[in-house]
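Remarks on the structure that follows.
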Amino acid sequence: MPTEPEYGQRAESSGLSGLFGTLFVVGTVIAGFVAFHPAHDVDTFRRIVTDLRDTTPTAGQVRSGEGSFTFAMTQRDGVSPVGFDPCEPIEIVVNPLHAPQGYGDMVSTAVENTSAASGLNLTVIGETEDRNFSQRGPGEPVIVGWADEAEVTDLAGDVRGIGGSTSIQQWGERRYVSGMVVIDTEGATFDLGGRVAQAVLDHEFAHLVGLGHVDDSGELMNPRPTRLSYGPGDLEGLASLGAIECR
């Protein structure tokens with residue numbers, strides 16, 4: 001099957017700093033690569049957290065329209081989402097360099113949460129020494145790792161994580177083929193029993209599979225969320241990404 005030579009990568013991020021809800025700092029980074037020419041649009045938000053909700057309904061309890069969601073990228077019709085092929089496994093490798101204690105459980109939980117909500121088959125296949133966090137190409141597994149802004153410039157400032165995927169276009173349809181999730185080492189350890197750190201990782205995994213940010217503060221995909229788990233709109237959007245027609 002012929003493949004158009006152009007491919008792109010999108011990345012979105014969220015970040016937070018402070019402990020016990022003193023200051024929730026979230027940064028947004030959208031990096032688009034078309035024919036290897038990058039363009040960046042960076043915006044940073046600050047707010048005080050007064051309520052962190054972590055009660056998430058199951059996918060079966062969510063009805064259409066109960067929440068808000070957006071797709072990070074759409075097809076040419078401007079409506080249909082770009083996503084991974086739901087009939088193929090999304091293989092993931094983890095680079096443990098600079099990772100916090102308990103990173104394996106955190107990644108496993110993010111995989112379980114995102115897989116359960118979307119129906120996509122995200123699978124950790126092992127660890128790696130690979131540090132290529134950009135331009136992940138076809139045939140390469142998704143990479144999860146921890147880095148600082150000196151290594152990954154998109155982590156500069158208040159950004160605490162980035163997540164995104166590489167897409168290719170075939171016969172007029174774009175699909176994701178690989179991607180990355182990178183967490184800032186300066187914000188890798190949090191109080192609240194690790195719940196905030198887990199929320200950051202879950203947020204980036206949702207970006208990885210295709211969700212964008214929303215204005216609804218009741219969703220985890222809000223850049224300034226007031227919850228620690230996927231909300232009803234997040235779940236609806238993730239389910240839509242898992243319902244894309246198989247290639």
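Just so it is clear, the structure is predicted and the values come from calculations on it, not from any experiment.
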Least distance between heavy atoms, [X] atom then [Y] atom:
| X | Y | result |
| --- | --- | --- |
| Ala147 | Val152 | CB-CG2, 3.8 Å |
| Asp184 | Val159 | OD2-O, 3.1 Å |
| Thr226 | Ser217 | OG1-O, 2.9 Å |
| Pro232 | Gly218 | CD-O, 4.4 Å |
| Asp234 | Gly231 | OD2-N, 2.7 Å |
| Leu208 | Gly164 | CD1-O, 3.5 Å |

Please examine the side chains of [Y] and [X], heavy atoms only from C-beta on, and report whether any two atoms are closer than 4.5 Å.
| X | Y | answer |
| --- | --- | --- |
| Arg247 | Gln170 | yes |
| Pro86 | Cys246 | yes |
| Ile92 | Ile143 | no |
| Val79 | Thr74 | no |
| Val200 | Ile183 | yes |
| Ile244 | Pro81 | yes |
| Val124 | Val107 | yes |
| Val144 | Phe205 | yes |

Report the distance from atom [atom1] of [X] to atom [atom2] of [Y], rounding to the nearest 0.5 Å.
| X | Y | atom1 | atom2 | value |
| --- | --- | --- | --- | --- |
| Asn95 | Thr128 | CG | OG1 | 6.0 Å |
| Asn113 | Ser115 | CG | OG | 9.0 Å |
| Asp216 | Thr70 | CG | OG1 | 11.0 Å |
| Ile90 | Ser178 | CD1 | OG | 10.0 Å |
| Leu228 | Leu220 | CG | CG | 8.0 Å |
| Phe69 | Leu235 | CZ | CG | 11.0 Å |

For Val177, check side-chain contact (heavy atoms from CB on, under 4.5 Å) against everything at least two apart and list the hits. Pro138, Thr166, Ile168
Any donor-acceptor N/O pair, [X] side chain to [Y] backbone, under 3.5 Å:
| X | Y | result |
| --- | --- | --- |
| Asp202 | Ala199 | no |
| Ser118 | Ala239 | no |
| Gln198 | Met106 | yes |
| Thr153 | Glu149 | no |
| Glu204 | Gly163 | yes |
| Asp105 | Ser108 | no |

Working note: Leu155 + Val182, criterion side chain to side chain contact (heavy atoms under 4.5 Å, CB included); need CA distance, chi angles, decisive distance, verdict. CA-CA 9 Å; Leu155 293 173; Val182 189; 4.0 Å; yes
Please step through side chain to side chain contact (heavy atoms under 4.5 Å, CB included) for the pair Ile162 and Met180, ending with a clear verdict. CA-CA 8 Å; Ile162 57 176; Met180 56 81 190; 3.9 Å; yes
Test Leu238 against Tyr230 for side chain to side chain contact (heavy atoms under 4.5 Å, CB included), laying out the working first. CA-CA 10 Å; Leu238 288 168; Tyr230 291 137; 3.8 Å; yes
For the pair Glu219 and Arg227, find out whether any cationic side-chain nitrogen is under 4.0 Å from an anionic carboxylate oxygen. no
Once side chain to side chain donor-acceptor pair (under 3.5 Å) is applied, do any residues pair with [X], and if so which ones, sequence neighbours excluded?
| X | answer |
| --- | --- |
| Thr123 | Asn121 |
| Asp130 | Arg136 |
| Glu127 | Tyr103 |
| Ser240 | none |

Assign the ring pair His207 / His213 to parallel, tilted or perpendicular, where the plane angle (0 to 90°) is split at 30° and 60°. perpendicular
Qualifying residue, where the test is side chain to side chain donor-acceptor pair (under 3.5 Å) with Gln169 and the options are Arg174, Gln75, Arg175: Arg174
Name all pairs fulfilling the side chain to side chain donor-acceptor pair (under 3.5 Å) condition that reach into residues 78-93, sequence neighbours left out, sorted by first residue then second.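 Sorted pair list: Asp77-Ser80.
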Taking it one step at a time, do Ser167 and Met73 satisfy side chain to side chain contact (heavy atoms under 4.5 Å, CB included)? CA-CA 10 Å; Ser167 67; Met73 183 181 291; 4.0 Å; yes
